[in-house]
Amino acid sequence: MTTTALPFSPRIGVFDSGLGGLSVLRSIRQRLPHAQLLYVADSGHAPYGERGDAYVCDRSLVIADFLYRQGAQLLVIACNTATAAAATAVRARYPDGRIVGVEPGLKPAATLTRNGRVGVMATNGTLRSERFRLLAQAHAAHLDLRLQPCTGLAAAIEAGEVDALTVRERVATHCAALREQGVDTVVLGCTHYPFVAHHIQAEMGPDVRLVDTSDAVARRTESLVAALAASGDKLPAHADHPAQVAHLWTTGDLVTLQGFVARWLDFPCALDALKA
């Protein structure tokens, strides 16, 4: 993987309903190691996938406002449910903002499947959204999509121990339904799910391909950062947000965030609680 060399340190705001977006943050860091990363885990109001659209939209706007106040020059909505429910509203509030959303990887799945039967593991909020319906219509109309709402899985992962029995049991239950339907490709339609991809792969078997869109989101972010550099909008780094340190906030349990960061991120992070 190549990284982008830039004459400045772009300030990138990223948020998710909780800890799942750390999978996206990790991919962005790999591609843009000199970027200033600002991340909010809205764990105190998770899981978004089991909330109503109005609630998710309100929370997304609160978090977007906070990240822009921190000086974010680009915003990544690292949550499929929040993208589906709130991306339009966030873009309306910040019409000049550079905003990247996350959507289930139906397009890459269409190129990977051999038998045309593709499973989609996602939250209820994502699967019932109009945005998902349009995405499926555009990229998967010719596929036999098998939708699997994974109730409770994101919340179980959010608890902090991805190898816990309750997590493995939920993975086994949701994967059994897809395995019985003979899918040969599974889309991970929630940013929490890459953290349990090893369990999903074990349940589905070695011949089933998993599609994680974290790197695709990072590539899109990288392209917008290149445009930002070309625009001349090169704000200096904040003294309290040096490029080599990512600043992470959580509205939930700080200890749980610390545990996830220690296990999954290999770069320095400053962690804080957030009341928002």
Minimum heavy-atom distance between Asp16 and Gly21, given as atom pair plus value: OD2-N, 3.0 Å
Check: Asp53 main-chain N/O paired with Asp58 side-chain donor or acceptor under 3.5 Å: no
Flag, side chain of Gln36 to backbone of Ser9, donor-acceptor distance under 3.5 Å: yes
Single-linkage hydrophobic cluster, 4.5 Å side-chain cutoff, Phe132 and Val118 together: yes
Trace of the salt bridge (charged side-chain N to carboxylate O under 4.0 Å, His left out) decision for Arg168 with Glu161: CA-CA 10 Å; Arg168 290 186 282 116; Glu161 181 46 68; over 6 Å; no
Within one Ile-Leu-Val-Met-Phe-Trp-Tyr cluster: Ile200 and Leu19, side-chain cutoff 4.5 Å: yes
Donor-acceptor contact below 3.5 Å, side chain Arg179 vs main chain Glu203: yes
Parallel, tilted or perpendicular, as decided by the 30° and 60° cut-offs, for the rings of Trp249 and Phe66: perpendicular
Separation of Gln30 CD from Ser214 OG (nearest 0.5 Å): 9.5 Å
Flag for Ser27-Asp215: side-chain donor and acceptor within less than 3.5 Å: no
Exam field: side chain Ser43 to backbone Gly18, donor-acceptor pair closer than 3.5 Å: no
Donor-acceptor side-chain pairing of Arg11 and Gln73 below 3.5 angstrom: no
Worked verdict on Leu265 versus Leu248 for side-chain contact (heavy atoms from CB on, under 4.5 Å): CA-CA 12 Å; Leu265 302 185; Leu248 281 61; 4.3 Å; yes
Connected via hydrophobic side-chain network under 4.5 Å: Ile99 and Leu135: no
Flag side-chain contact, heavy atom, 4.5 Å: Thr251 against Arg59: yes
side-chain contact (heavy atoms from CB on, under 4.5 Å) between Val225 and Leu74, intermediate numbers included: CA-CA 8 Å; Val225 164; Leu74 187 150; 4.1 Å; yes
Donor-acceptor pair between Tyr94 and Asp65 side chains, under 3.5 angstrom: yes
Trace of the side-chain contact (heavy atoms from CB on, under 4.5 Å) decision for Ile28 with Val14: CA-CA 10 Å; Ile28 292 173; Val14 183; 4.1 Å; yes
4.5 Å side-chain heavy-atom contact, Asn80 and Thr123: no
Note, Cys269 side chain near Tyr39 side chain (heavy atom, < 4.5 Å): no
Phe195 ring center near Phe260 ring center (under 6.0 Å): yes
Distance in Å, Leu165 CG paired with Arg170 CZ, rounded so as to fall on 0.5 Å steps: 11.0 Å
Test item: Gln70 side-chain N/O and Leu38 main-chain N/O as donor-acceptor pair under 3.5 Å: no
Taking every non-hydrogen atom, the tightest pair across Ala82 and Ile77: CB-CG2, 3.7 Å
Gln258 and Leu271, any side-chain heavy atoms less than 4.5 Å apart: yes
Of Val120, Thr185, Val186, Leu188, the residue whose pairing with Val211 passes side-chain contact (heavy atoms from CB on, under 4.5 Å): Thr185
Nearest heavy-atom neighbours spanning Val90 and Ala64: CG1-CB, 4.2 Å
4.5 Å side-chain heavy-atom contact, Leu106 and Val187: yes
Within-4.5 Å side-chain heavy-atom neighbours: Cys175 and Met121: yes
Any donor-acceptor N/O pair, Thr213 side chain to Gly105 backbone, under 3.5 Å: no
Nearest heavy atoms of Ile157 and His192, plus distance in Å: CD1-O, 3.7 Å
Sidechain-backbone polar pair: Ser17 side chain, Pro47 backbone, donor-acceptor under 3.5 Å: no
Any side-chain heavy-atom pair of Leu257 and Leu22 under 4.5 Å: yes
Pair Asp163 + Arg263: basic N to acidic O under 4.0 Å: yes
Thr113 side chain vs Ala110 backbone, donor-acceptor pair below 3.5 Å: no
Rounded distance [0.5 Å steps], CG in Asp144 versus CG in Asn115: 8.5 Å
Donor-acceptor side-chain pairing of Asn124 and Thr151 below 3.5 angstrom: yes
Min side-chain heavy-atom separation Leu37-Leu25 under 4.5 Å: yes
Side-chain donor/acceptor of Gln201 to backbone N/O of Val208, under 3.5 Å: yes
Result of checking Asp42, Thr81, Thr126 against Tyr48 for side-chain hydrogen bond (donor to acceptor under 3.5 Å, both in side chains): Asp42
Rounded distance (nearest 0.5 Å) linking atom NE2 of His174 with atom NE2 of His199: 13.5 Å
Exercise: identify the closest heavy-atom pair between Leu75 and Leu67: CD1-CD1, 3.6 Å
Euclidean distance, Ser23 OG relative to Tyr193 OH, rounded to 0.5 Å: 12.0 Å
Distance (rounded to the nearest 0.5 Å) between Arg131 CZ and Thr83 OG1: 6.5 Å
Over all atoms of both residues, closest heavy-atom pair of Gly20 and Glu158: N-OE1, 4.5 Å
Working for side-chain contact (heavy atoms from CB on, under 4.5 Å), residues Gln137 and Leu134: CA-CA 5 Å; Gln137 187 177 65; Leu134 294 174; 3.9 Å; yes
Shared hydrophobic cluster, Val261 / Phe267 (ILVMFWY, side-chain heavy atoms < 4.5 Å): yes
In one Ile/Leu/Val/Met/Phe/Trp/Tyr side-chain cluster, 4.5 Å: Met204, Leu145: no
Working for salt bridge (charged side-chain N to carboxylate O under 4.0 Å, His left out), residues Glu130 and Arg133: CA-CA 5 Å; Glu130 176 68 6; Arg133 187 189 70 79; 2.5 Å; yes
